Amino acid sequence: MNTVCLQVFVSEASRHHGKLTYEWLLDAAQELGIAGGSAFGALAGFGRHGRRDAGFFELAGELPVVVEFFVEAAMADQLLKRIAEAGLKLVYAKLPAEIGVTVQ
């Protein structure tokens, strides 16, 4: 199986058609038949626009959220196509992944 970890990065308060962007991404993935996905909020970070920290009240809503899916590469490409067709310009990472279950 050609599994990848697709990570899509959004701002926690960003919206697409009135819905939080990370919720829109999860809904779009579910509509495509992706079995699962998760959204993770950052406590702090930095990037080309400077440092962000959850402790600063004036930065509320600007911290990144990573929306993550473990899927076959073709399904990741379908989701990326859906994102582009929706007019969203989002940063993403697509990394090779191995999925398993630990045994005792």
Side-chain angles (χ1 to χ4, degrees):
M1 184 196 273
N2 188 11
T3 304
V4 298
C5 173
L6 176 63
Q7 297 176 319
V8 184
F9 301 86
V10 301
S11 174
E12 65 183 324
S14 68
R15 293 185 173 273
H16 183 66
H17 294 297
K19 185 183 282 191
L20 290 168
T21 305
Y22 67 84
E23 289 179 347
W24 183 91
L25 287 167
L26 292 170
D27 289 346
Q30 193 170 26
E31 289 169 8
L32 286 174
I34 293 175
S38 299
F40 303 95
L43 295 174
F46 72 93
R48 67 179 184 203
H49 298 295
R51 185 173 173 97
R52 303 285 188 240
D53 192 319
F56 291 108
F57 181 74
E58 64 272 10
L59 294 178
E62 293 186 22
L63 287 172
V65 171
V66 179
V67 186
E68 186 172 84
F69 307 93
F70 287 91
V71 296
E72 290 187 34
M75 186 62 75
D77 291 339
Q78 285 184 32
L79 181 55
L80 290 171
K81 182 179 177 187
R82 169 91 46 107
I83 292 166
E85 289 171 348
L88 290 166
K89 185 177 178 183
L90 302 175
V91 175
Y92 73 90
K94 188 167 48 168
L95 312 163
E98 179 180 331
I99 298 172
V101 177
T102 59
V103 294
Q104 295 180 338

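Since the structure is predicted, the reported quantities are computational estimates derived from the model, not experimental observations. Hydrogens, waters and symmetry mates play no part in the numbers below; they use all other heavy atoms, side chains included.
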Can you run down the side-chain hydrogen bond (donor to acceptor under 3.5 Å, both in side chains) pairs that involve residues 88-104, sequence neighbours left out, and say none if there aren't any?
Asp77-Lys94
Just verifying a value: how many Å separate Tyr22 OH and Leu90 CG, rounded to the nearest 0.5 Å?
14.5 Å
CG of Leu88 to NE2 of His17: how many Å apart, nearest 0.5 Å?
7.5 Å
For Glu68, side chain to side chain donor-acceptor pair (under 3.5 Å) partners two or more places apart
Gln7
Out of curiosity, Leu79 CG to Ile34 CD1, how far, rounded to the nearest 0.5 Å?
4.5 Å
Using side-chain contact (heavy atoms from CB on, under 4.5 Å) as the criterion, point out the one residue from Leu32, Leu26, Val4 that pairs with Phe69.
Leu26
Spacing of Thr21 atom OG1 and Phe9 atom CZ [to the nearest 0.5 Å]:
14.5 Å
Using every non-hydrogen atom in the two residues, find where Glu12 and Leu20 come nearest and quote the distance to one decimal.
O-CD2, 3.6 Å
Side-chain touch His16/Val10, heavy atoms, less than 4.5 angstrom:
no
Drop me the distance from Arg82's CZ to Trp24's CH2, to the nearest 0.5 angstrom.
7.0 Å
Report the C-alpha distance between Gln78 and Val71 in whole Å, list the side-chain angles of each, state the deciding distance to 0.1 Å, and finish with yes or no for side chain to side chain contact (heavy atoms under 4.5 Å, CB included).
CA-CA 11 Å; Gln78 285 184 32; Val71 296; over 6 Å; no
Minimum-distance pair of heavy atoms, taken over all atoms of Ala97 and Cys5
CB-N, 3.8 Å
